[in-house]
Amino acid sequence: MSIGRTNAKIKMQQDYKPKNIEAVAQESWKRKLSFRAEDQSDKPKYYCLSMFPYPSGKLHMGHVRNYTIGDVLSRYHRMKGFNVMQPMGWDAFGLPAENAALANNVPPAAWTYSNIDAMRTQLQSLGLGIDWSRELTTCKPDYYRWEQWLFTRLFQKGLIYKKTSSVNWDPVDNTVLANEQVINGCGWRSGALVEKRDIPMYFMRITQYAEELLADLDQLEGWPEQVKTMQSNWIGKSYGCEVYFPYDAESVGTTGVLKVYTTRPDTLMGATYVAVAAEHLLATQAAASNPKLAEFIAECKRGGTAEADMATMEKKGMSTGLFVTHPINGELLPVWIANYVLMGYGEGAVMAVPAHDERDFEFAKKYNLPIKQVIERDEIVIAKKTKSERATFADDQNEVTDQAVDHHRDLMEAALVNKFTADYWQEWYGEKELRMCVNSGKYDGLDFQQAFDAISADLQAKGFGQKRTQFRLRDWGISRQRYWGCPIPIIHCAQCGDIPVPDDQLPVILPEQVTITGAGSPLAKMPEFYETSCPQCGGAAKRETDTMDTFFESSWYYARYTSPGCTTGMVDERAQYWLPVDQYVGGIEHAILHLLYARFFNKLMRDVGLFGETTFSTSTQVTGEQALQSKSFNEPFTNLLTQGMVIAPTFFREGAAGKKLWINPAEVDIETDSRGRPVGAKLRSDGQPVVIGGTEKMSKSKNNGVDPQIIIDQYGADTARFFIIFAAPPEQTLEWSDAGVEGAFRFLRRVWNFAYSNKKEIDVCHSRSKNESDESFLKSMNDEQREIYREMHVVLKQANFDLQRLQFNTVASACMKILKALEQQMVTGTPGVTTKSIAITNGFSILLRLLSPIAPHITQTLWQELGYGDDILSAPWPEVDEAALIQDEIELMIQVNGKLRGKLRVAKDADQTTLKQLAVTYPSVEKLLAGQAAKKIIVVPGRLINVVT
RNA sequence: GCCGGGAUGGCGGAAUUGGUAGACGCGCCGGACUCAAAAUCCGGUGCUGGUAACAGUGUGAGGGUUCGAGUCCCUCUCCCGGCACCA
């Protein structure tokens, strides 16, 4: 069956039946290849990408929201005249497939592929304008062979290297656990106490790109500020100093230095001890002869590797009995082992200045270590001086008043009484501004920067340190001791070492028929997989059995979509047409890791020469300008929209032993009082009360998920899409509401009904000559028509603005406003074709086009049914007729002292004097003035007049 | 703990730059239609007082800047996201 002309002959359905019209519309898009993106076009390109889903098997509301937002953007840009590409694919490797394999005894591959099929069907029923010819699946060799290829290139360039690193080790299941699988320090399945274990892993030198990743954030004007801030903080560039503390030969037994990094060298004179991580060389050495220390180190190694746990646990430490000497004053400082010092960060050792660091302070108080104040507020230092001495400190910026001196005298007295209590300490520890050194010998009186420079210089002169820039960002560990991931293309040869798999032997294919036991990787138990020969010497060798972090796949899929079917590389020349992505849409939870890794990969691929004739050496930093000149590009995503979560109410009953039994909202009836406030809830099946819980992220564990498929089956995809767009702006959390969904459906039905009952008049109107861009169109209208026409365009102007700033909920509102105004016109307007139909025909065409990105099926159908055209997809986007917006009279607010007291209609070009006169003689203003003259009258043109008394 | 974000009627949210707080929708109340109900349509709806006109009050809490603050500044509370092996 075909739609369009054939269908137009059939009488229009009276009732809105989404099931029928959605199937017809989707079939038509499929047949006409409506969403096939052209690799060559006269139109400007628009690459709109939504984060691809992990194929869990069932579409959830978060997906629906993500892809609806992307589809609205895609369809809007298409109508604006862009060559749009909106692809879709599957982030198919990952832990859940292995968990499912354990639970259901299905191989991860089979489970994944059947999930993909199920989810593709669901996605298609949403009516998304996707170019399915570009679909990709990351667990297929034709995809992952190219990341193996990239791996070997980066390995050869030294951008991937091997080192040992800590993982969560489950000693009962003898397996490595993900952070997610560690619950309260125990393995999720075995319940065993998890410990840290050091194993060799491959790392990517993302730190080599830290400077560029940080600097290029400035180029990302289309990114939310908060995401850039988070990334910037994550990279964490800091300026500091390396300090070497020479070993005390007597206690340590050898010579050497303890290396630390500090951002506060100005406080070096206040260092009273040093602390090292449990894995530090000095710790190991001290523990050799001290069983108690060895026990403490073992304790530190218990528990997982998650940073949040490290940061919140109780600070514990133990003295090693070893000493180092202070590099400037030569004092002996004790060496402590502390559980809050991380081996993987910095040097695995810190200098402790308890007077000026919160953690050191807490630790020193706990273990009675000395606290030496070396920084003081300027004012207090000054207050301690005589009046004449003070004069030399006072300047225009920092005048020392007697009041300030008194205030700080009080503080000083408080200090004597409360010395080093946490409250008082808060008063002076942190900020670097307006502070100077005290108790620091020759550095006394220096401010932060002066002391920083002087102490660094002295350290350097003595060979005990130097200034250093440091990044918080660590190199990216990419090895996973798991099965369901991309095999790392390395061969271990006893003679030749670690050899990358040669290109002609790629891909290293992951065997799909395996048994998952939950203990260790199946690959390590498959000789047919790991037994191989060395590509270099030909001798027997062993293939690497670790797989890659799944972030690897998601870091370059955006590029692969540009080159579907490419068998010659990761991408081909089509990438240069489509990249960078114009609009990326996805959850805020990816603000740091995924988005940082994808930015990193973009730079790697650029530097490997995939995006043009660039030949950057990886050892030099590339500026944005250089890259732009070379026709390449630095950043993968020009604009970023971070969408909020979908949340829903929760309901539960207390089960045995206080265990909560969560009840799905669909099974609950809510009781309200006369005002509509909820007072209770009952389970429909037994009529007994349930407890109303909080409103939380839709999840299996809280049983508050709403299945999108049920909504689509019941109301249609257009209703689901409309509700999701209408209920909240894209970046905010969206609260699910069944009543709201019904409201969305009611609205679409009203649109349908309006079309049905006005079809005749609109048809008649089409036969008359008219052109909305024609100036005479506006002039030909009578006042009534012009007013409704103006109303349409006021709403349209706001809607077009809202679309540009990605606030789609108010675009949905605008559609409702237009329909309301048109319905109103039907009731109150003068009957007859000449007075109503022109305005209605024009207004309804605006409504259909404005609504079409949100609810594409109903609008496509009505566009044809009412004879506006064959295909709304190729209709031009409605633009505002500015001439229609001009009004002769405007309404001004009248305020007295900023408080609204009335409204006034005035000519739009009334002058200020007239307006002021009108305001003071306005009855309620006159009354409030009570005969007094106004002190001041503020006129805000076009808005208000404020009379100040 | 650290980094980032949020809080506006009974509910979701609107208010472009400091200038009419509550658009639009849900819910609730009243009315029409109906034998009745549902659906639909019309009207009302921040809170307090008042028959009403109107007045007071109101954007998480407390303070500040301003003729004027939901919006800017300071302090605080609660909630959410991320923290490097969930994706």
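Sequence lines set the chain letters: A, B, ... in the order given, protein chains first and strands last, and positions in each chain run from 1. For the numbers below, each heavy atom of this structure counts, side chains included, while hydrogens, waters and symmetry mates do not.
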J.: If we ignore hydrogens and angles and just use 3.5 Å, is the side chain of A:Thr733 paired with the main-chain N or O of A:Gly644 as donor and acceptor?
T.: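 Such a contact is absent between A:Thr733 side chain and A:Gly644 backbone.
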
J.: Using the C1' atom on both, measure B:A21 against B:A69 and round to a whole Å.
T.: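 Going atom to atom, C1' in each nucleotide, I get 11 Å.
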
J.: What integer distance in Å separates A:Ile894:CD1 from B:C67:P?
T.: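 The answer, rounded to whole Å, is 20 Å.
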
J.: I need the residues from residues 937-949 of chain A with at least one non-hydrogen atom less than 4.0 Å from RNA chain B; give them sorted by number, or say none.
T.: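 Going residue by residue through residues 937-949 of chain A, the ones with a heavy atom under 4.0 Å of RNA chain B turn out to be A:Ile938, A:Val940, A:Arg943, A:Leu944, A:Asn946, A:Val948.
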
J.: A:Phe203 ring centre to A:Lys163 NZ or CZ under 6.0 Å, with the angle to the axis within 45°?
T.: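 Geometry flag: set, cation within 6.0 Å and 45°.
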
J.: To the nearest 0.5 Å, what is the distance between CZ on A:Arg65 and CG on A:Leu734?
T.: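 Taking CZ in A:Arg65 and CG in A:Leu734, the distance rounds to 4.5 Å.
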
J.: Could you check whether any side-chain N or O of A:Tyr922 sits under 3.5 Å from a backbone N or O of A:Lys903, counting only pairs where one atom can act as donor and the other as acceptor?
T.: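 A pair under 3.5 Å: yes.
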
J.: Reckon A:Met893 touches a base, only the sugar-phosphate, or nothing at all at heavy-atom distances under 4.0 Å?
T.: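 Base contact.
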
J.: Rounded to the nearest 0.5 Å, what separates atom CE in A:Met230 from atom CD in A:Gln226?
T.: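 Atom-to-atom, A:Met230:CE and A:Gln226:CD are 4.5 Å apart.
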
J.: Of all the choices, B:G82, B:A87, B:U20, which nucleotide is nearest to the side chain of A:His590 once you look at every atom?
T.: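 Nearest to the side chain of A:His590 among the choices is B:A87.
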
J.: Enumerate all atom pairs, one protein N or O and one N or O from nucleotides 40-42 of chain B, separated by less than 3.5 Å.
T.:
residue : atom : partner  : partner atom : Å
B:U40   : OP1  : A:Arg749 : NH2          : 2.8

J.: Based on the glycosidic angle (syn within 90° of 0, else anti), state the conformation of B:G9.
T.: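 The base of B:G9 is oriented syn (glycosidic angle within 90° of 0).
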
J.: Does B:A55 have OP1 or OP2 under 4.0 Å away from a side-chain N or O of A:Arg901?
T.: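 True: A:Arg901 side-chain N/O within range (under 4.0 Å) of B:A55 OP1/OP2.
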
J.: Take atom C1' in B:C72 and the same atom in B:U59, then report the distance between them in whole Å.
T.: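 Approximately 16 Å lies between the C1' atom of B:C72 and that of B:U59.
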
J.: Is there a residue in residues 50-58 of chain A whose heavy atoms reach under 4.0 Å of RNA chain B, and which residues are they?
T.: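 Hits under 4.0 Å, by residue number: A:Tyr54.
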
J.: Would you indicate, yes or no, if B:G68 has its OP1 or OP2 atom less than 4.0 angstrom from a side-chain nitrogen or oxygen of A:Asn897?
T.: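 Answer is no, no contact under 4.0 Å.
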
J.: Looking across every strand, which nucleic acid part, if any, lies under 4.0 Å from A:Lys899 by heavy atom: base, sugar-phosphate, or nothing?
T.: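 Counting heavy atoms under 4.0 Å across all strands, the contact made by A:Lys899 is with sugar-phosphate only.
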
J.: When the C1' atoms of B:A14 and B:G63 are considered, how many whole Å apart are they?
T.: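 Between the two C1' atoms, the distance is 28 Å.
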
J.: CD1 of A:Ile588 versus P of B:G81: gap in Å, rounded?
T.: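 It is 12 Å, rounded to the nearest whole Å.
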
J.: From the list B:A14, B:A15, B:C3, which nucleotide is the closest neighbour of the side chain of A:Asn233?
T.: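 Closest of the options to the side chain of A:Asn233: B:C3.
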
J.: May I ask you to verify if any side-chain N or O of A:Asn179 is less than 4.0 angstrom from the OP1 or OP2 atom of B:C83?
T.: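 No, A:Asn179 has no side-chain N/O under 4.0 Å of OP1/OP2 on B:C83.
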
J.: A:Glu891 near the nucleic acid: base, sugar-phosphate alone, or nothing, with a heavy-atom cut-off under 4.0 Å?
T.: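 Nothing: the residue A:Glu891, judged by heavy atoms under 4.0 Å, touches no strand.
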
J.: At 4.0 Å (heavy atoms only), tell me whether A:Glu731 reaches a base, stays on the sugar-phosphate, or touches nothing.
T.: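 The residue A:Glu731 makes no contact with any strand.
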
J.: Answer yes or no: side-chain N or O of A:Gln481 and base N or O of B:C85 forming a donor-acceptor pair under 3.5 Å.
T.: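 Yes, a donor-acceptor pair under 3.5 Å.
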
J.: For A:His594, report the nucleic acid contact type (base, sugar-phosphate, nothing); a contact means any heavy atom under 4.0 Å.
T.: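 Result for A:His594 = nothing.
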
J.: Remember a base hit wins even if backbone is also touched, and classify A:Leu473 as base, sugar-phosphate or nothing at under 4.0 Å, heavy atoms.
T.: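 Result for A:Leu473 = base.
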
J.: Can you see if the side chain of A:Arg474 gets near the phosphate of B:A84 - specifically, an N or O under 4.0 Å from OP1 or OP2?
T.: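 Answer is no, no contact under 4.0 Å.
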
J.: Check every strand shown and say whether A:Ala591 touches a base, only sugar-phosphate, or nothing at a heavy-atom separation below 4.0 Å.
T.: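 Since no nucleic acid heavy atom lies under 4.0 Å of A:Ala591, the category is nothing.
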
J.: Side chains of residues 721-731 of chain A: which donor-acceptor pairs under 3.5 Å do they make with residues two or more places apart or in other chains?
T.:
residue  : atom : partner  : partner atom : Å
A:Arg721 : NE   : A:Ile854 : O            : 2.9
A:Arg721 : NH1  : A:Asp71  : OD2          : 2.9
A:Arg721 : NH1  : A:Leu126 : O            : 3.0
A:Arg721 : NH1  : A:Gly127 : O            : 3.3
A:Arg721 : NH2  : A:Asp71  : OD2          : 2.7
A:Arg721 : NH2  : A:Pro853 : O            : 2.9

J.: Choosing from B:G5, B:A14, B:G13, which nucleotide comes nearest the side chain of A:Gln226?
T.: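 So the side chain of A:Gln226 is nearest to B:G5.
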
J.: Considering only atom P, compute the distance from B:A87 to B:A7 and round it to an integer number of Å.
T.: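 B:A87 and B:A7 have their P atoms separated by 32 Å.
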
J.: Quickly work out the A:Ile724 CD1 to B:G13 P distance and round it to whole Å.
T.: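 Distance check: A:Ile724 CD1 to B:G13 P gives 14 Å.
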
J.: For the side chain of A:Leu900, starting at C-beta, report the closest nucleotide among B:U20, B:C85, B:G82.
T.: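 From the listed options, B:U20 comes nearest.
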
J.: How far, in whole Å, is B:A15 from B:C24 if one measures between their C1' atoms?
T.: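 To the nearest whole Å, 12 Å.
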
J.: Indicate, with a heavy-atom threshold strictly under 4.0 Å, whether A:Val227 touches base, sugar-phosphate, or nothing.
T.: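 No contact.
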
J.: Heavy atoms only, 4.0 Å cut-off, all strands: where does A:Glu307 land among base, sugar-phosphate and nothing?
T.: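 The residue A:Glu307 makes base contact.
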
J.: Just compare B:G25, B:G19, B:G13 and give me whichever is closest to any side-chain atom of A:Phe726.
T.: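 For the A:Phe726 side chain, the nearest candidate turns out to be B:G25.
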
J.: Choosing from B:U16, B:C85, B:C83, which nucleotide comes nearest the side chain of A:Phe801?
T.: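 The answer is B:U16, which lies nearest to the side chain.
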
J.: Applying a 3.5 angstrom cut-off to the pairing atoms, does RNA chain B sit in any stems of at least three consecutive Watson-Crick or G-U pairs? List them by first number.
T.: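 For RNA chain B the paired stretches long enough to count as stems (3 pairs minimum) are B:1-7 with B:77-83, B:10-12 with B:24-26, B:27-32 with B:40-45, B:46-49 with B:54-57, B:60-64 with B:72-76.
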
J.: Work out how far the C1' atom of B:C33 is from that of B:A39, and round it to whole angstrom.
T.: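 Here B:C33 and B:A39 have their C1' atoms 11 Å from each other.
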
J.: Under the side-chain hydrogen bond (donor to acceptor under 3.5 Å, both in side chains) definition, can you give me all pairs with a residue in residues 88-103 of chain A, not counting sequence neighbours?
T.: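 Passing the test, one end in residues 88-103 of chain A: A:Trp90-A:Glu135.
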
J.: Nearest 0.5 Å, what's the CD-CD distance between A:Gln732 and A:Gln807?
T.: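 Here the rounded value is 8.5 Å.
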
J.: Distance between the P atoms of B:G10 and B:C47, in whole angstroms?
T.: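 It works out to 7 Å between them.
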
J.: Quick one: pull up CG in A:Leu892 and CG in A:Leu904 and give me the separation to the nearest 0.5 Å.
T.: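 Those atoms lie 6.5 Å apart.
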
J.: Contact class for A:Phe747 vs. all strands (heavy atom < 4.0 Å): base, sugar-phosphate, or nothing?
T.: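 Counting heavy atoms under 4.0 Å across all strands, no contact is made by A:Phe747.
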
J.: So what does A:Met313 hit on the nucleic acid, given a heavy-atom distance under 4.0 Å: a base, only sugar-phosphate, or nothing?
T.: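 Since no nucleic acid heavy atom lies under 4.0 Å of A:Met313, the category is nothing.
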
J.: What does A:Thr312 touch in the nucleic acid at a heavy-atom separation under 4.0 angstrom: a base, only the sugar-phosphate, or nothing?
T.: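 Since a base atom lies under 4.0 Å of A:Thr312, the category is base.
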
J.: Does the side chain of A:Ser737 get closer than 4.0 angstrom to OP1 or OP2 of B:G12 through an N or O atom?
T.: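 No, no such contact exists.
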
J.: When we call it a touch if two heavy atoms are under 4.0 Å apart, what does A:Gln732 touch: a base, just sugar-phosphate, or nothing?
T.: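 Touches sugar-phosphate only.
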
J.: Any side-chain donor-acceptor pair under 3.5 Å between A:Thr305 and A:Asn168?
T.: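 Checked: A:Thr305/A:Asn168 side chains pair up, N/O donor to acceptor below 3.5 Å.
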
J.: Using the side-chain heavy atoms of A:Asp549, tell me which of these nucleotides is nearest: B:C86, B:C85, B:C83.
T.: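 Closest nucleotide among those given: B:C85.
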
J.: Name the closest nucleotide to the A:Val167 side chain, picking from B:A87, B:A14, B:C85.
T.: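 It is B:C85.
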
J.: Could you verify whether a donor N or O on one side chain and an acceptor N or O on the other, from A:Asn897 and A:Thr949, lie under 3.5 Å apart?
T.: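 Yes - a donor-acceptor pair under 3.5 Å links their side chains.
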
J.: What's the gap between B:G62 and B:U71 when it is taken at their P atoms, as a whole Å value?
T.: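 Taking atom P in both B:G62 and B:U71, they lie 13 Å apart.
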
J.: Which part of the nucleic acid does A:Lys820 contact within heavy-atom distance under 4.0 Å: base, sugar-phosphate only, or nothing?
T.: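 Sugar-phosphate only.
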
J.: Could you work out which one of B:G81, B:A84, B:A23 sits closest to the side chain of A:Met645?
T.: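 In terms of side-chain proximity for A:Met645, the closest of B:G81, B:A84, B:A23 is B:G81.
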
J.: Side chain of A:Ala178 only, heavy atoms from C-beta on: which candidate in B:A84, B:C86, B:C24 is closest?
T.: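 Of B:A84, B:C86, B:C24, B:C86 is nearest to the side chain of A:Ala178.
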
